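This report concerns only the one structure given below.
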Amino acid sequence: MIRTHAAGALRAADAGSTVTLAGWVARRRDHGGVIFVDLRDASGVSQVVFREEMAAAHALRNEFCVRVTGTVEGRPAGNENPELPTGEIEVNASSLEVLSEAAPLPLPVDDNVDAGDDVRLRYRYLDLRRATPAASIRMRSQANQLARRVLHDRDFVEIETPTLTRSTPEGARDFLVPVRLQPGTWYALPQSPQLFKQLLMVSGMERYYQIARCYRDEDFRADRQPEFTQLDIEMSFITQDDVIELGEAIVAELWGELAETEVPRPIPRITWHDAMARYGSDKPDLRYGVELTELTDYLRGTEFRVFAGAIDAGGYVGAVVMPGGASQTRKELDGWQDWAKARGARGLAYVVLDAETGEARGPVAKNLSAAHLAGLGDAVGAKPGDAIFFAAAAERREAQELLGAARQEIAKRAGLIDENAWAFCWVVDAPMFEPDGEGGWTAVHHPFTSPTDEWVDRFEQAPDRALAYAYDIVCNGNEIGGGSVRIHRADVQRRVFDLLGISPEEAADKFGFLLEAFKYGPPPHGGIAFGWDRVCMLLAGADSIREVIAFPKTRGGFDPLTGAPTPITAQQRAEAGVDAKPKPPAPAAGTTGEAAPVEMTR
RNA sequence: GGUCCUGUGGAGCAGUUGGAGUGCUCGCCGCCCUGUCAAGGCGGAGGUCGCGGGUUCAAGUCCCGUCAGGACCGCCA
């Protein structure tokens, strides 16, 4: 090593020893006759003092990479810096070697200055010299280690699966890779290792996990990148409760070690239908109340067309209360209409209860009968001074989701969110199917998800109500993981495919290899995958997963650092076989009554 | 694909009813400075106000288009 000590580790006890440090000039304070330099390495910062005979130190600039030898000394009385772990000492330099110089910086390496995303990402290596971004990446490493420890303690096997594979039946668009050796054919990058982990269960591995990179070619969000990471887990001979117990063990370990939070176990469970009814979301944020109230029955018979239309159509009318919302200005209340329209709703009906008299006011109030108005406050749990927002739709879920979004917005605007709180829950008993919009059904989770025992023999009778052994774990309104018990019985799988309109031929074409494997004694199995970027984002206290990814992309899929993606050369294009047409499949030998072509082998 | 926000020396910002590239903090260059710790003082350099078009006597400012970054909707089992 070209250094003897870590800069951040020096303490008063080291006084008197000669040390050699290597690191970067974090800051310099040049007084002419004496120069102070904060020397930073991965461990932290120590103050180095250069005296008159060390004139070369005048030439140091921020982020020069240097090696310094000197004596550790206690700082003169009164000059200690209690803000720094190394604040009691300083290094009196006797030699200075500039290992490399730094050009003027395109962004300040300073924890107090936050640059724009494009500059930060273009110079991510400089961005990561800052304490907070660096800490997030280091924290993620710890999270990986903690998860591995929990899983290894439980005899899990870490197994890597291919990233050049064939398309698997998740719903997202695939990233495709042309295949030079077979022009016209393409690999897909995996959207998840779903099928491989099920094959590993067939193979008798029994307990698999992987920190797996996954790829989905969809639009980005603050919590979505085109390549992302899952902590992917699958287990044999288990029930839903076993997977949930394991998930809780992992979450408790992570939050216990990295967030100093004791996660209450068992983590509360809520059914998917209750979550929608009470919170208008399948990933409810339980850090605050503000629950939804269904008013379909209460308002039955109303003459207000918006509500009556939904009720007559067999739909839903509901409300959510904004505590203190009656004090909003007309402009603020109008703002809610814009908010709702931005979400694709027609508007957001509201009634405010006068803070003094409790009288219901607002545009909707005059459309409701005196009887409906009189009992409204009690029906929705509103007090004088509150505002009540309504949503109505023929589709129950549509109205609930609007109210759920309003609930979140209310909590934000009314300051009801405790930013220091952690609220976990499992959302269980998810529906198996949802309408595909064309008269058929599509799998809510994926087509290998098992119906619950209650529904396994009759899910065809009411696909809209059939429930699955599918579960999501939610933290502060973020879905941080989800999984299911899988189907291991061929007859059940066939019936699910039938309902989904997947023909045996189509099934064989898409994932025949899995069905083939399931002929040979597949064990009952199930699993879970954690959205690892989101988990780390929450643990890091960040508001974007970009903060916990070393080299993230911008929302356009662009990497400002490398400039990827780029066009390819004509030669690359020709070699990759991007433009090749796939050969028609050769008939099997003998099936056409003609000799099959035989290729020369070497 | 849609809605919204942002774009001003290297970084972060301010810029009023349209009136001279105006200002602030940091950084950069030079000089001074022996106890600072986001050191301080003096001086200096650095600009296609993202880009293109329009309105106007006059545009950083208003309008249209476009590019880039961000938030959301659609999409993402």
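In the text below, chain A, chain B and the rest are named by the order of the sequence lines, each starting its count at 1. Please read all numbers here as calculations on a predicted model, not as lab measurements.
Between the P atom of B:A38 and the CZ atom of A:Arg130 lies a distance of 17 Å, rounded to the nearest Å. Put simply, CZ on A:Arg27 is 11 Å from P on B:G40, counting in whole angstrom units. Atom P of nucleotide B:A68 and atom CG of A:Leu561 are separated by 18 Å, given to the nearest angstrom. Between the P atom of B:C76 and the CZ atom of A:Phe220 lies a distance of 16 Å, rounded to the nearest Å. As rounded to whole Å, 12 Å separates atom P of B:C28 from atom CG of A:Asp110. A:Lys341 places its NZ atom 15 Å from the C1' atom of B:C4, with the value rounded to the nearest Å. Taking atom CG of A:Leu60 as the reference point, atom P of B:C29 lies 12 Å away to the nearest angstrom. Taking atom CZ on A:Arg129 and atom C1' on B:A11, their separation rounds to 16 Å, with Å as the unit.
Checked against the 6.0 Å centroid criterion, the rings of A:His31 and A:Phe36 qualify as a close aromatic pair. Within the 6.0 Å centre-distance limit, the rings of A:Phe518 and A:His525 are counted as a close aromatic pair.
A:Gly344 comes within 4.0 angstrom of no nucleic acid atom, judged by non-hydrogen atoms across all strands. A:Glu52 comes within contact range of at least one nucleobase, with a heavy-atom separation under 4.0 Å. Counting non-hydrogen atoms under 4.0 angstrom, A:Arg221 reaches a base of the nucleic acid. Among the protein residues, A:Arg75 comes within range of the nucleic acid bases, having at least one heavy atom under 4.0 Å from a base atom. Within 4.0 Å of A:Leu121, counting heavy atoms only, lies no atom of the nucleic acid at all. Using a 4.0 Å heavy-atom criterion, one finds that A:Arg120 contacts no nucleic acid atom at all. Looking at heavy-atom distances under 4.0 Å, A:Glu90 makes contact with a base. Here A:Gln408 lies out of heavy-atom contact (under 4.0 Å) with every strand. Counting any heavy atom pair closer than 4.0 Å across all strands shown, A:Pro76 reaches a base atom.
Along RNA chain B, the nucleotide nearest to A:Asp30 and the one nearest to A:Glu401 differ in position, and the one closer to the 5' end is contacted by A:Asp30. Residue whose closest nucleotide on RNA chain B sits further toward the 5' end, between A:Arg534 and A:Pro104: A:Pro104.
Look at A:Arg546 and you'll find a side-chain N or O under 4.0 angstrom from OP1 or OP2 of B:A71. The side chain of A:Arg51 contributes no N or O atom lying less than 4.0 Å from OP1 or OP2 of B:G35. A close approach under 4.0 Å does occur between a side-chain nitrogen or oxygen of A:Asn79 and OP1 or OP2 of B:U36. Of the side-chain N and O atoms in A:Arg28, none sit less than 4.0 angstrom from OP1 or OP2 of B:C37. Note on A:Arg29: a side-chain N or O is less than 4.0 Å away from OP1 or OP2 of B:A39. Put simply, A:Arg343 has no side-chain N or O that comes within less than 4.0 Å of OP1 or OP2 on B:U3.
Nucleotide B:G46: unpaired (no Watson-Crick or G-U wobble partner with both distances less than 3.5 Å). Across every strand in view, B:C62 sits in a pair with B:G54 that passes the Watson-Crick or G-U test at under 3.5 angstrom. Remark: B:C33 base-pairs with no nucleotide in the shown strands. Criterion, Watson-Crick or G-U wobble with two distances under 3.5 Å. Across all strands shown, B:C4 pairs with B:G70; the Watson-Crick or G-U wobble distances both stay below 3.5 Å. Nucleotide B:G12 forms a pair with B:C24, judged by Watson-Crick or G-U wobble geometry with both contacts under 3.5 Å.
Nucleotides B:C62 and B:G2, compared at atom C1', are 25 Å apart to the nearest Å. Rounded to the nearest Å, the gap between the C1' atom of B:A11 and that of B:G69 is 16 Å. Comparing the P positions of B:G7 and B:G15 gives an interatomic distance of 10 Å, to the nearest angstrom. The C1' atoms of B:C64 and B:U22 are separated by 28 Å, rounded to the nearest whole Å. With both ends at atom C1', the span from B:G50 to B:G60 equals 12 Å, rounded to whole Å. Here the separation of B:U6 from B:C49, taken at their C1' atoms, is 14 Å to the nearest Å. Distance noted for atom P between B:G23 and B:G9: 15 Å (whole Å). Rounded to whole Å, the P atom of B:U61 lies 11 Å from the corresponding atom of B:U16.
The closest donor-acceptor contact from the side chain of A:Arg407 to the backbone of A:Gly280 lies at 3.5 Å or more, if one exists at all. With A:Gln210 contributing its side chain and A:Thr161 its backbone, the two residues share a donor-acceptor pair below 3.5 Å. Remark: side-chain polar atoms of A:Arg27 are not paired, donor with acceptor, to backbone N or O of A:Asp38 under 3.5 angstrom. Side chain of A:Ser484 to backbone of A:Ala470: no donor-acceptor contact under 3.5 angstrom is found.
Salt bridge status for A:Arg11 with A:Glu88: absent, with no side-chain N to carboxylate O gap under 4.0 Å. Comment: A:Asp285 engages A:Arg287 in a salt bridge, judged by a side-chain N to carboxylate O separation of less than 4.0 angstrom.
When each of B:G35, B:G70, B:A38 is scored by its nearest atom to the side-chain atoms of A:Asn112, the top-ranked nucleotide is B:A38.
For A:Asp219 and B:G74, a side-chain-to-base donor-acceptor distance below 3.5 Å is present, hydrogens and geometry of angles not being considered.
Using a 5.5 Å limit on the distance between ring centres and a 30° limit on the angle between planes, the aromatic ring of A:His31 counts as stacked on the six-membered base ring of B:A39.
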